[in-house]
A.B. asks: 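One structure, pasted below without further comment.
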Amino acid sequence: MGDRFFANELPEFVPEAGGEEIEAGTKDSLEKLLCLPYRSFSDRLRRYALDLKDTVARQTWILSEKRVQDYTLYTGSLGTAFLLFKAYQATKNENDLRLCSDIIKACDSASRNSGPVTFICGRAGVCALGAVVAKHIGDDRLLDHYLTRFDEIRLPSDLPCELLYGRAGCLWACLFLNKHIGEERVSPARMRSVVEEIFSSGRQLGRTGRSPLMYEWHGKKYWGAAHGLSGIMHVLMHMELRPDEIKDVKGTLHYIMKNRFPSGNYRSSEGNESDRLVHWCHGAPGVALTLVKAAEVFGTEEFLEAAVEAGEVVWNRGLLKRVGICHGISGNAFVFLSLYRVTGKAEYLYRAKAFAAFLLDRSEKLISEGNMHGGDRPFSIFEGIGGMAYLFFDMNDPSGARFPGFQL
């Protein structure tokens with residue numbers, strides 16, 4: 001178990017100090033970062049994030065001669081565009097916005113006639129992000145182009161329901177558009193039909209087990225955020241649900257809470273007894289984000305308590321030997337930012353700061369030494385340093401921080 005993560009030897013809490021106090025001590029570089037006042041710390045993260053952003057753009061766009069081989073947000077060029085848009089939101093640098101738009105145009109060409117239709121791994125992400133960026137640029141013609149292309153997307157009848165490649169992922173793209181373009185840009189009726197398909201499918205498979213809703217992807221009944229129950233429930237809780245649907249969502253969350261491991265971690269799939277994964281995609285981190293959403297939507301203490309307990313698992317076992325968003329330290333830090341947002345407790349902001357400080361202080365050295373995995377696509381947003389840059393930008397506004405492609 002321990003070979004998947006670093007033992008968390010971070011201090012439970014480090015009080016912030018002034019510059020003279022920091023320099024006067026004998027602290028190592030990591031503890032000095034933890035001593036910094038939050039504003040000074042987040043400013044340092046922002047500067048480093050800007051350097052990372054430039055590196056990601058150079059490696060994935062300039063050095064590739066502006067050719068798109070992988071257009072997705074997950075590991076491809078759209079992820080670079082998404083990071084550039086985040087940088088633009090942080091700095092209002094028009095150059096980042098223009099480069100973002102150029103990359104999306106190339107992704108638009110590369111994704112035509114492609115199969116996947118979701119935000120993170122499909123064409124819906126290209127069109128939705130393209131429309132939002134076109135709105136910021138003020139290009140009405142380009143905005144109409146992307147909105148028209150988005151409206152042309154059709155969901156295959158055999159589409160699964162999960163987030164990365166299924167109905168929930170396409171529904172999330174609709175929510176993203178409505179948030180940034182207008183509340184009813186995608187009509188409630190269009191989204192309602194997808195919601196009903198998700199419930200119909202989940203209830204059909206749920207009849208064979210103890211959970212009201214259950215879904216299958218590639219032969220497994222996953223529980224996690226990327227392919228399973230917690231990801232699908234998270235998206236559904238953004239919708240206007242009927243009483244019977246609310247009951248089923250709550251019942252499904254109760255089911256996974258009741259059947260978690262004694263350690264407090266969550267199974268990657270139904271019947272899986274291996275308590276190894278503490279990732280956004282599989283395990284406590286992704287479930288924690290969903291439970292935070294449940295606490296916000298339903299206002300019940302049980303979901304917040306379960307989210308806090310999952311957060312303890314992330315603190316103890318979430319300092320992963322990977323850097324990225326999907327299955328790395330960067331993604332796990334968003335659990336603490338979410339708990340901070342919903343509770344207002346400073347301890348969670350400190351924990352997010354501690355994970356970010358570990359990345360800032362040690363990730364580059366650990367990766368170069370081979371003691372930390374930089375990702376199979378090392379510059380991508382979900383596997384590599386692009387995700388770390390995204391986290392560092394979000395740390396500047398911790399109350400507004402959202403896990404990319406998952407939280408709204």
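Along the sequence shown, residues carry numbers from 1.
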A.B. asks: Output yes when a side-chain donor or acceptor of R260 lies under 3.5 Å from a complementary backbone atom of M257, and no otherwise.
C.D. replies: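 Present.
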A.B. asks: Go through the steps to decide whether I232 and L163 satisfy the test side chain to side chain contact (heavy atoms under 4.5 Å, CB included), and finish with yes or no.
C.D. replies: CA-CA 6 Å; I232 297 167; L163 183 75; 6.0 Å; no
A.B. asks: Let me see the working for Y348 and F336 under ring pair (Phe, Tyr, Trp, His ring centres under 6.0 Å), right down to the final yes or no.
C.D. replies: CA-CA 5 Å; Y348 296 119; F336 306 126; 7.1 Å; no
A.B. asks: Between F82 and F176, how do the two ring planes meet: parallel, tilted or perpendicular, split at 30° and 60°?
C.D. replies: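 If you compare the ring of F82 with that of F176, the planes turn out tilted.
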A.B. asks: Decide, yes or no, whether a salt bridge links E197 with R167 under the criterion of side-chain N to carboxylate O below 4.0 Å.
C.D. replies: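 Salt bridge between E197 and R167, a charged N being under 4.0 Å from a carboxylate O: yes.
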A.B. asks: Is the count of non-hydrogen atoms from other residues, nucleotides or ligands lying under 6.0 Å from R203 atom CZ greater than 12?
C.D. replies: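 Correct, the count exceeds 12.
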A.B. asks: Run the salt-bridge test on K353 and E16 with the 4.0 Å N-O cut-off and return the result as yes or no.
C.D. replies: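 A salt bridge links K353 with E16.
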A.B. asks: Between the main-chain N or O of F261 and the side-chain N or O of D275, is there a donor-acceptor pair closer than 3.5 Å?
C.D. replies: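 The answer is no, because no donor-acceptor pair under 3.5 Å joins these two groups.
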A.B. asks: If we check side-chain contact (heavy atoms from CB on, under 4.5 Å) with F334, which of these qualifies: F406, Y390, F355?
C.D. replies: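 The residue from F406, Y390, F355 that satisfies side-chain contact (heavy atoms from CB on, under 4.5 Å) with F334 turns out to be Y390.
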A.B. asks: Would you say that L319 contacts L10 through its side chain, given a criterion of any heavy-atom pair below 4.5 Å between the two side chains?
C.D. replies: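 Of all side-chain heavy-atom pairs linking L10 with L319, at least one is under 4.5 Å.
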A.B. asks: Any chance you could lay out the ring pair (Phe, Tyr, Trp, His ring centres under 6.0 Å) test for H145 and F150, step after step, and finish with the verdict?
C.D. replies: CA-CA 9 Å; H145 164 82; F150 187 90; over 10 Å; no
A.B. asks: Please examine the side chains of H327 and L277, heavy atoms only from C-beta on, and report whether any two atoms are closer than 4.5 Å.
C.D. replies: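 L277 vs H327: side chains apart.
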A.B. asks: Under 6.0 Å from the CZ atom of F358, do we count more than 12 heavy atoms belonging to anything else shown?
C.D. replies: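 More than 12 within 6.0 Å, yes.
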A.B. asks: Checking S338 against Q407: is there a side-chain donor and acceptor pair closer than 3.5 Å?
C.D. replies: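 Yes, side-chain donor-acceptor contact under 3.5 Å.
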A.B. asks: Describe, in one word, how the ring planes of H227 and W217 are oriented to each other, choosing from parallel (under 30°), tilted (30 to 60°) and perpendicular (over 60°).
C.D. replies: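 Geometry flag for W217 against H227: parallel rings.
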A.B. asks: Hey, would you say the Y255 and W223 ring centroids sit under 6.0 Å apart?
C.D. replies: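 Yes: the rings meet the under 6.0 Å criterion.
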A.B. asks: What do the steps show when you test N93 against D96 for side chain to side chain contact (heavy atoms under 4.5 Å, CB included), and what is the final call?
C.D. replies: CA-CA 6 Å; N93 184 333; D96 284 337; 3.8 Å; yes
A.B. asks: Going by an N to O cut-off under 4.0 Å, is there a salt bridge joining E196 and R242?
C.D. replies: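 Salt bridge between E196 and R242, a charged N being under 4.0 Å from a carboxylate O: yes.
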A.B. asks: Near K92 NZ, under 6.0 Å, is it more than 12 heavy atoms from other residues, nucleotides or ligands?
C.D. replies: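 Counting other residues, nucleotides and ligands, NZ of K92 exceeds 12 neighbours.
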A.B. asks: With rounding to the nearest 0.5 angstrom, report the CD1 to CE distance, I246 to M239.
C.D. replies: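 That separation rounds to 12.5 Å.
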A.B. asks: Would you say W315 and E12 are linked by a side-chain donor-acceptor pair, where the criterion is simply a distance under 3.5 Å?
C.D. replies: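 Yes, W315 and E12 have a side-chain donor paired with an acceptor closer than 3.5 Å.
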A.B. asks: Can any side-chain N or O of R267 pair as donor or acceptor with the backbone N or O of I256 at less than 3.5 Å?
C.D. replies: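 Absent.
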A.B. asks: Within a reach of under 6.0 Å around CD of Q59, are more than 12 heavy atoms found that belong to other residues, nucleotides or ligands?
C.D. replies: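 Counting neighbours around CD of Q59, more than 12 heavy atoms of other residues, nucleotides or ligands fall under 6.0 Å, so yes.
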A.B. asks: Does the side chain of I137 reach to within under 4.5 Å of the side chain of V133, using non-hydrogen atoms?
C.D. replies: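 In short, these two side chains touch, coming nearer than 4.5 Å.
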A.B. asks: Flag the pair R341 and E296 as a salt bridge only when some basic side-chain nitrogen lies within less than 4.0 angstrom of an acidic carboxylate oxygen.
C.D. replies: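 Yes, this pair counts.
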A.B. asks: Give a yes or no on whether E9 atom CD has more than 12 heavy-atom contacts from other residues, nucleotides or ligands under 6.0 Å away.
C.D. replies: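 Open.
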A.B. asks: Okay, side chain of T118, backbone of L164: is any donor-acceptor separation there less than 3.5 Å?
C.D. replies: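 Here the side-chain-to-backbone pair exists.
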A.B. asks: One pair to check against side chain to side chain contact (heavy atoms under 4.5 Å, CB included): T290 and F303. What are the steps and the verdict?
C.D. replies: CA-CA 9 Å; T290 295; F303 292 125; over 6 Å; no
A.B. asks: May I ask you to test the D70-L78 pair for a side-chain heavy-atom distance under 4.5 Å?
C.D. replies: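 Result no, sub-4.5 Å side-chain heavy-atom pair not found.
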A.B. asks: Are R123 and S111 close enough that a side-chain donor and a side-chain acceptor fall under 3.5 Å?
C.D. replies: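 Yes, a side-chain donor-acceptor pair sits under 3.5 Å.
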A.B. asks: Find out whether the Lys NZ or Arg CZ of K345 is both under 6.0 angstrom from the six-membered ring centre of Y340 and within 45° of the ring's axis.
C.D. replies: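 Negative - K345 is either too far from the ring of Y340 or too far off its axis.
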A.B. asks: Which heavy atom in H373 sits nearest to a heavy atom in G375, and how many Å separate them?
C.D. replies: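 Taking H373 first and G375 second, the nearest heavy atoms are ND1-N, 2.8 Å.
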A.B. asks: Under the criterion side-chain contact (heavy atoms from CB on, under 4.5 Å), which of M388, K321, M372, R362 is the partner of I329?
C.D. replies: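 Output: one option passes, namely M372.
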A.B. asks: Between S268 and Y222, does the side chain to side chain donor-acceptor pair (under 3.5 Å) criterion hold? Intermediate values first, please.
C.D. replies: CA-CA 6 Å; S268 61; Y222 285 103; over 6 Å; no
A.B. asks: Are any non-hydrogen side-chain atoms of F119 and C127 less than 4.5 angstrom apart?
C.D. replies: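 Heavy-atom side-chain distance check fails, nothing below 4.5 Å.
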A.B. asks: K66 and D102: salt bridge (charged side-chain N to carboxylate O under 4.0 Å, His left out), yes or no, with the steps?
C.D. replies: CA-CA 9 Å; K66 303 180 181 180; D102 289 344; over 6 Å; no
A.B. asks: From L359 CG over to L391 CG, what is the distance, rounded to the nearest 0.5 angstrom?
C.D. replies: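 So the CG of L359 and the CG of L391 are separated by 7.0 Å.
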A.B. asks: So P37 and R39, do their side chains get closer than 4.5 Å, heavy atoms only?
C.D. replies: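 Side-chain contact under 4.5 Å: no.
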A.B. asks: I'd like to know if the side chain of D361 and the backbone of A357 have a donor-acceptor N/O pair within less than 3.5 Å.
C.D. replies: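 Absent.
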A.B. asks: More than 12 heavy atoms of other residues, nucleotides or ligands under 6.0 Å from CD of E152: yes or no?
C.D. replies: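 Yes - once you tally the heavy atoms of other residues, nucleotides and ligands closer than 6.0 Å, there are more than 12.
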A.B. asks: Less than 6.0 angstrom from the centroid, inside 45 degrees of the normal: does K250 satisfy that with respect to the ring of F298?
C.D. replies: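 Yes, a cation-pi geometry.
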A.B. asks: If we count only N and O atoms by modelled type, under 3.5 Å, do the side chains of N265 and S263 hold a donor and an acceptor together?
C.D. replies: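 Note: N265 and S263 side chains miss the donor-acceptor criterion.
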A.B. asks: Step by step, would you call R190 with D151 a side chain to side chain contact (heavy atoms under 4.5 Å, CB included)?
C.D. replies: CA-CA 10 Å; R190 180 179 176 183; D151 290 341; 3.2 Å; yes
A.B. asks: Do the side chain of H238 and the main chain of H234 share a donor and acceptor less than 3.5 angstrom apart?
C.D. replies: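 Pair found, side chain donor or acceptor close to backbone of H234.
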A.B. asks: Counting only N and O atoms by type, is there a donor-acceptor contact under 3.5 Å from the side chain of N178 to the main-chain atoms of V186?
C.D. replies: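 Checked: pair present.
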A.B. asks: Determine whether a donor-acceptor pair (N or O, by modelled atom type, separation under 3.5 Å) exists between the side chain of D139 and the backbone of K135.
C.D. replies: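 Absent.
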A.B. asks: Is it the case that the side chain of T300 and the backbone of E302 share a donor-acceptor pair, with hydrogens and angles ignored and the cut-off at 3.5 Å?
C.D. replies: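 No, because the side chain of T300 does not come within donor-acceptor range (under 3.5 Å) of the backbone of E302.
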A.B. asks: Is the side chain of E216 donor-acceptor paired with the backbone N or O of K221 at a distance under 3.5 Å, no angle test?
C.D. replies: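 Such a contact is absent between E216 side chain and K221 backbone.
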A.B. asks: Using a 4.5 Å cut-off on heavy atoms from C-beta on, say whether the side chain of L241 contacts that of V249.
C.D. replies: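 In short, these two side chains touch, coming nearer than 4.5 Å.
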A.B. asks: Can you tell me if R210 has over 12 outside heavy atoms packed within less than 6.0 Å of its CZ?
C.D. replies: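 Incorrect, the count does not exceed 12.
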A.B. asks: Salt bridge check: are R58 and E65 linked by an N-O gap of less than 4.0 Å?
C.D. replies: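 A salt bridge is absent here (no side-chain N lies under 4.0 Å from a carboxylate O).
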A.B. asks: Hey, is CD on Q204 packed in by over 12 heavy atoms from elsewhere, all under 6.0 Å?
C.D. replies: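 Atom CD in Q204 is not crowded, with 12 or fewer foreign heavy atoms closer than 6.0 Å.
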A.B. asks: Considering all heavy atoms of both residues, which atom of N332 and which atom of P285 are nearest to each other, and what is their separation?
C.D. replies: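 Smallest heavy-atom distance, with atoms named: OD1-CG, 3.2 Å.
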A.B. asks: Using the ring-ring contact (aromatic ring centres under 6.0 Å, His included) rule, pick out the option among Y266, F382, Y74 that qualifies with W280.
C.D. replies: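 So, applying the ring-ring contact (aromatic ring centres under 6.0 Å, His included) to W280 and each of Y266, F382, Y74, only F382 qualifies.
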A.B. asks: How are the rings of F85 and Y88 set relative to one another: parallel (under 30°), tilted (30 to 60°) or perpendicular (over 60°)?
C.D. replies: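 The rings of F85 and Y88 lie parallel, inter-plane angle below 30°.
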A.B. asks: Between P212 and D248, which heavy-atom pair has the shortest distance, and what is it?
C.D. replies: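 Distance-wise, the nearest heavy atoms are CB-OD1, 3.7 Å.
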A.B. asks: Is the closest basic N to carboxylate O distance between R112 and D108 below 4.0 Å?
C.D. replies: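 Yes, this pair counts.
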